[in-house]
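Written out below as structure tokens is the structure these notes cover.
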Amino acid sequence: MRMSPWLKNEYLIYGILLVLLVTYVILNHSLLSVFQIQSLITSSAPYFLVGLGESIVIIAGGIDLSIGYMVSLTCVVVATTAATVGVPLALLVGAAAGLINGLLITHFRLSALVTTLATGSFFFGIALHILPTPGGSVAPWISTIAENNLGPIPLVAFVLGLILVLTWIVYYRTPTGRYLFAVGDNLEGARQSGIDEKRIRVGSYVAAGLLAALAGIFLAGQTSSGDPNIGTPFTLNAIVIAVLGGTSLAGGVGSIGGVVAASFVLTVISDIIFLTNASSYLQYIVSGGILVLVLGLSQGVRIVRSISRHSEGRQVRQG
Amino acid sequence: MNERLLTAEHIEKRFGATVALQDASLEVTSGQVHALLGENGAGKSTMMKILAGYYKPDRGMLTIDDRHLADLSHWSTRAATRAGVVAVYQELSLSSHLTVAENLFLGVETTTLKLAQGLISPRDRAKRARELLLSCDLSDIEPNAIVGELSLATQQMVEVVKALTRHPRVLLLDEATSSLPEDYVQKLFRIVQRLKEAGVAILFVSHRLDEIDHFADQATIFRDGINVGTMDAPFDRQTLIDLMAGRAVQHRATSIAPTVNYDSAPLISAHKLILKESHDPITIDIWGGEVVGVAGLEGHGQQEFLLSLFGAYHPVGGTIRVLGSVVRHPEPRRMISRGVVLVPQNRKTEALHLNLSIQENVALMGLPGMARAGWIDSRKEREHVTELVDRLAVRRTRLDDPASSLSGGNQQKLVFAKVLLTKPRVLLLVDPMRGVDVATKTALFDIIRDLAKAGTAIVLYSSDTSELVGVATRVLVFYEYHVVTTLVGSHITNETLVDAAFHRKEKAIRAHVSVAQE
């Protein structure tokens with residue numbers, strides 16, 4: 001009962017990315033310049049970080065609606081603390097926020113959906129309390145990493161590359177990664193296989209918190225300031241990227257390549273919106289629209305498959 | 001007179017690259033019980049699902065009452081039900097949050113119930129349900145009970161009765177007996193007998209050859225998606241087995257001579273284990289090399305006993321020891337690390353990860369042993385998995401295919417491979433042969449014997465008590481959450497097991513009666 005490969009979400013996303021890049025080139029009247037590729041990578045960095053975090057949580061069978069507010073909170077923390085402690089403190093705050101989510105959900109058995117909606121509001125409140133309006137200052141070295149290049153390669157690409165490799169190793173070469181997928185696919189089965197499922201699920205929320213913190217730090221560096229509202233759109237976008245990248249909302253299925261491609265897709269779409277001088281609010285409509293479309297598509301794939309199998313059968317009979 | 005009700009001709013069905021049925025044909029006659037036999041993956045369930053309208057065939061023709069259906073694109077469960085073809089699936093299709101009565105009439109309220117101003121009367125529905133259950137000799141099932149709170153066996157019976165409210169002319173029973181204890185099997189076959197006399201055609205899939213001998217008038221055997229023979233009763237068992245397997249298989253029921261060293265420490269012990277409030281405690285030692293059978297009527301604590309030994313059920317009181325030392329707060333994780341593993345009753349919800357690959361499933365419990373400095377040793381993993389998958393003869397294409405691509409029996413072998421990878425000291429088996437074909441059963445029993453011979457302690461619960469005969473060295477018979485009888489060696493026979501399970505029940509009834517008289 002496997003889908004033919006080209007219909008799988010994971011492959012679909014590469015096709016979509018290709019189409020969008022071509023559209024972008026046409027609208028732009030020129031091929032992609034080095035600068036454009038650099039800016040594409042830089043702008044997609046926060047998308048990738050939150051998308052990967054969300055994907056990890058969803059693979060483990062959960063969901064995190066607080067991820068955007070964790071971005072806001074950590075962004076504000078970096079911009080309001082001393083240059084030396086800003087980054088480690090922000091990472092600590094991100095990890096702690098994820099730990100709170102994870103413990104509430106696994107040890108107190110609360111609904112992930114409602115819990116993270118609530119903690120998200122909590123994190124947002126703290127962020128606003130620390131810094132009600134955009135401001136603060138960020139250590140120059142953070143801005144350097146967020147904006148500068150080494151030769152033709154953006155510095156942030158090295159960070160992202162490192163995260164990619166690390167995630168790949170954990171996913172496919174360690175027991176922890178195997179358990180992540182197993183827990184999301186069948187929680188009871190994992191429990192009866194002797195897997196410490198609580199540790200895995202808590203770990204997935206902590207990973208999301210850490211990745212959100214990295215996104216927060218990056219955004220603070222990029223704007224050289226803190227902004228309590230900066231993370232708000234990232235919650236939905238994180239889910240869009242995870243799902244668009246082939247992560248199954250039912251858990252147990254997901255890939256890294258899909259998340260990378262999906263974050264590029266979202267970035268290219270916002271660039272195209274910018275190029276066509278369309279209203280920037282369109283971004284919100286597009287994000288919401290994509291999510292419904294992708295969910296509908298994976299449903300549609302099943303219908304198309306059953307129809308095609310049918311007509312095939314009929315032709316054979318007539319022949 | 002007996003007439004042809006349903007004919008399926010040249011049916012073909014593929015799932016991706018897998019051919020489930022190719023050119024399969026079948027014919028069922030009114031007033032006849034027709035058995036559909038074959039090994040796991042032979043296409044029996046697929047055929048049943050096609051007849052029931054659950055799948056659409058890729059090719060082929062159905063004839064119902066001389067009406068030819070060459071174009072099956074509109075064939076659906078609704079169309080099948082309208083034509084009088086009703087199925088009872090092996091996977092339960094009941095809504096677990098609804099009551100028995102609600103389930104029984106689900107979808108047919110308007111046609112079978114008396115409606116007042118177009119509204120359902122819950123009281124009338126419960127009354128009708130009670131009558132229906134009574135007519136099936138199932139008056140112990142309460143119409144207002146929530147289905148999810150009933151035992152698996154009771155749910156299966158509700159599923160059967162539900163089919164009756166659809167007024168079947170052809171009733172399909174897909175391994176309906178596999179989760180039933182003996183007394184329910186008898187009730188089911190009385191229902192079947194009644195339907196048969198009323199001219200209903202019954203098509204059933206079962207792996208229990210005894211049932212087929214007793215109840216079937218005709219049998220069709222499938223192998224690799226085609227029918228290889230149809231015959232009338234009485235059946236020659238050896239012929240049936242040979243046709244199913246496509247080769248001569250020795251039907252073995254040889255007993256193993258226990259080579260248990262009772263001087264050594266018992267591998268696992270339960271001390272004053274109380275499974276349920278105000279029930280008698282269980283104390284037992286189990287040694288390596290033993291195959292301890294667990295029997296009794298369904299729902300008398302057998303499963304809870306095994307799950308307690310595994311730490312997946314928390315008994316009211318008592319302690320579990322492994323190799324003499326007490327396990328505090330038993331939990332599956334703790335028990336597994338001490339070498340105690342369990343094959344759960346429901347492979348799909350409790351054991352397998354259907355989206356994960358065959359290899360990932362088999363390796364799951366053994367990963368700590370195959371990891372070095374936190375990394376999985378891929379080569380070692382592949383070697384271990386391949387060795388086990390081959391030893392258990394799992395029929396598969398690639399190790400990277402998802403577990404969902406395997407048929408039921410092969411999935412069960414996968415569960416065995418998974419627990420065996422941990423090289424267990426104690427193997428707990430909860431009804432492991434449920435819905436498994438004869439050849440697989442033989443293979444799995446061979447493995448159980450080999451493990452026992454190699455010193456593993458085995459605790460085997462089976463809802464089919466005859467499976468314990470010839471395998472178990474000792475059988476614990478459960479009644480009301482404690483052990484009432486222990487049978488040893490040659491005292492373990494079908495008769496003694498059934499007697500032991502029922503004997504106590506009769507006594508209990510008598511006791512009630514005498515109390516009432518006082």
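Chain identifiers are assigned alphabetically (A, B, ...) following the order of the sequence lines, protein sequences preceding nucleic acid strands; residue numbering begins at 1 within each chain. Everything quoted here is computed from the prediction, not taken from an experiment.
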Determine whether A:Phe181 and B:Asn355 make a side-chain contact, defined as any pair of heavy atoms from C-beta on separated by less than 4.5 Å.
->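 No; the side chains remain at least 4.5 Å from each other.
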Interchain contact, [X] with chain A, by part (heavy-atom threshold 4.5 Å):
X        : result
B:Leu342 : side chain
B:Ser378 : side chain
B:Ile376 : both

Which pair of heavy atoms, one from [X] and one from [Y], lies closest together, and at what distance?
X        : Y        : value
A:Pro175 : B:Ala371 : CG-CB, 3.9 Å
B:His353 : A:Ser193 : CE1-OG, 4.4 Å
B:Pro332 : A:Arg191 : CB-O, 3.5 Å

Answer yes or no: is there a donor N or O on one side and an acceptor on the other, between the side chain of A:Asn186 and the main chain of B:Leu352, under 3.5 Å?
->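 Answer holds: yes.
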Would you find a donor on one side and an acceptor on the other, under 3.5 Å apart, between the side chain of A:Asp185 and the backbone of B:Leu354?
->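 Yes.
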Looking only at B:Ala351, B:Gly374, B:Ser404, B:Ala363, most heavy-atom pairs under 4.5 Å shared with chain A are made by B:Gly374
Heavy-atom pairs under 4.5 Å with chain A are the metric here; pick the option from B:Val419, B:Leu364, B:Asp377 that has the most.
-> B:Leu364
So, the part of A:Arg173 with a heavy atom under 4.5 Å from chain B: the answer is both
A:Ala190, part contacting chain B, at a heavy-atom distance under 4.5 Å =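 Both parts, backbone and side chain.
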Look up atom [atom1] in [X] and atom [atom2] in [Y], then write down how far apart they are to the nearest 0.5 Å.
X        : Y        : atom1 : atom2 : answer
B:Glu350 : A:Leu187 : CD    : CG    : 12.0 Å
A:Gln192 : B:Met335 : CD    : CE    : 13.0 Å
A:Asp196 : B:Arg333 : CG    : CZ    : 3.5 Å

If you count the non-hydrogen atoms of other residues, nucleotides and ligands that lie under 6.0 Å from NE2 in B:His97, is the total more than 12?
->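 Result for NE2/B:His97: open.
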Would you find more than 12 non-hydrogen atoms of other residues, nucleotides or ligands less than 6.0 Å from A:Tyr171 atom OH?
->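 Yes, OH of A:Tyr171 has more than 12 neighbouring heavy atoms, counting only those of other groups under 6.0 Å.
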Give a yes or no on whether a salt bridge exists between B:Glu381 and A:Arg178, defined as a side-chain N under 4.0 angstrom from a carboxylate O.
->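 A salt bridge is present here (some side-chain N lies under 4.0 Å from a carboxylate O).
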